[in-house]
Amino acid sequence: MPELPEVEVVRRGIDAWATKRTISHVDVLHARSIRRCEGGAAELRAALEGDAFRCASRRGKYLWLPLTRANDQALVVHLGMSGQVLMQPPREEDETHLRVRVRFADDDREMRFVDQRTFGGMHVDEVIDGVPSSITHIARDPLDPDFDEAATVRAICHKDSEVKRVLLDQSVVSGIGNIYADEALWRSAINGRRRGSALTSAQVRMVVSNAREVMLEALAQGGTSFDSLYVNVNGESGYFERALDAYGREGEPCRRCGAAIRREAFMNRSSYRCPRCQRAPRGGAGTG
DNA sequence: CAAGAATCCTGCCAGC
DNA sequence: TGCTGGCAGGATTCTT
């Protein structure tokens, strides 16, 4: 569920609450939430305790918190499907799915990683040229000041793959998930099953531009939320759901032409589109 | 090498 | 009532 806007909301919360405080203690309550650390929880604890987070950075759906003393190390966090980062008063009761707790010396608030489905996780990693080495394969996202839109459009146009699949490929462009991919395609009146190589560069440019726009609008609303699963660091939900034009609107009228929005299976998940505005490619071959 | 499928995980809900 | 199957889906790993 958390895509770029939701992760950015969380990043801002962490940046405001969890930086420049000495880390006093780290509790790992679920081993699966620690990824890519050979030494597991012990390694994570050793790296963090006594140090402090300098700031909170983000690329796509990945967050990382560079350390102050160990200048080239950072805590990398991915929320996965159901991850939350909450800044809680220490006396607050543990959440059912609390996985990692980071306590600070001032004991004002503690940082809690809560994750129902454990698709998310964290690890400590070396930062090289400003990015953790484990996420160098993640492309820049459309909100990155150095995002190269022209290069991204060229890359998508050269893909012999359905354009929605390409939008979800974080090595091509990052931050876009199932919700914002459907929204960007609806705004562009393009069917996600059409192949990147079958679209004009103007069409692809429109899709990329719309993805950026819809994510900026969602960010301004505090993100999208369907239930209590996605919340900011204070446990509050965003308001963008009501602004969605396609995602989750099966059977409801298209806001552009009135046709009933259709839900289809795609890549083991659901896609929503307008059957009139976003016509299917001929024969599913994607050449139309 | 690229594209696409399988996999991980738990809670919830419809249907029987 | 209680079980089962389907669904939610991001990123990695495996297969074609």
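A, B, ... follow the sequence lines: proteins, then strands. Residue 1 opens every chain. Not measured: the values here are computed from a predicted model.
Side-chain nitrogen and oxygen atoms of A/Arg165 include at least one within less than 4.0 Å of the OP1 or OP2 phosphate oxygen of B/dA5. For C/dT12, one of the phosphate oxygens OP1 or OP2 lies less than 4.0 angstrom from a side-chain nitrogen or oxygen of A/Arg36. For A/Ser82, no side-chain nitrogen or oxygen approaches OP1 or OP2 of B/dC9 to under 4.0 Å.
Here A/Asp160 lies in heavy-atom contact (under 4.0 Å) with sugar-phosphate atoms only. A/Arg263 comes within contact range of the sugar-phosphate backbone alone, with a heavy-atom separation under 4.0 Å but no base atom that close.
Between the CD1 atom of A/Ile176 and the P atom of C/dG10 there is a distance of 12 Å, given to the nearest Å. Distance, A/Asp115 CG to C/dG10 C1': 11 Å, rounded to whole Å. In this entry the distance linking CZ of A/Arg32 with P of B/dC8 reads 9 Å, nearest Å. In this structure, the NE2 atom of A/His78 is 11 Å from the C1' atom of C/dT12, given to the nearest Å. Across the protein-nucleic acid pair, A/Glu6 atom CD and C/dG10 atom C1' stand 13 Å apart, rounded to whole Å. Distance, A/Asn178 CG to C/dA11 P: 12 Å, rounded to whole Å. Rounded to an integer number of Å, the gap from A/Ile138 CD1 to C/dT12 C1' is 10 Å. C/dA8 atom C1' lies 9 Å from atom OH of A/Tyr272, rounded to whole Å.
The 5' end of DNA chain B is approached more closely, in terms of each residue's nearest nucleotide, by A/Asn268 than by the other of A/Asn268 and A/His97. Summary of the strand contacts: A/Ser161 and A/Thr96 both lie near DNA chain B, and taking for each the nucleotide with the nearest heavy atom, the more 5' one is attributed to A/Ser161.
Counting atom types as modelled, A/Arg117 pairs a side-chain N or O with a base atom of C/dA8 as donor and acceptor under 3.5 Å.
Nearest nucleotide to the side chain of A/Lys159, out of B/dC8, C/dA8, B/dA3: B/dA3. With C/dT12, B/dA5, C/dA8 as the candidates, the nucleotide lying closest to the side chain of A/Tyr62 is C/dT12. Side-chain atoms of A/Gln116 lie closest to B/dG11 of the nucleotides C/dA11, B/dC8, B/dG11. Of the listed nucleotides (C/dG10, C/dT12, B/dC8), C/dT12 has the atom at the smallest distance from the side chain of A/His137.
Other residues, nucleotides and ligands place more than 12 heavy atoms under 6.0 Å from the CG atom of A/Asp146. No more than 12 heavy atoms of other residues, nucleotides or ligands sit less than 6.0 Å from atom NE2 of A/His158.
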Intermediate values then yes/no, salt bridge (Lys or Arg N to Asp or Glu O under 4.0 Å), A/Glu217 and A/Arg187
CA-CA 13 Å; A/Glu217 290 170 30; A/Arg187 289 188 180 201; 2.8 Å; yes

I would like to know whether A/Trp186 and A/Cys254 meet side-chain contact (heavy atoms from CB on, under 4.5 Å); could you show each step before the answer?
CA-CA 9 Å; A/Trp186 181 89; A/Cys254 169; 3.5 Å; yes

For the pair A/Leu79 and A/Asp115, evaluate side-chain contact (heavy atoms from CB on, under 4.5 Å) and give the outcome as yes or no after the intermediate values.
CA-CA 8 Å; A/Leu79 301 178; A/Asp115 187 12; over 6 Å; no

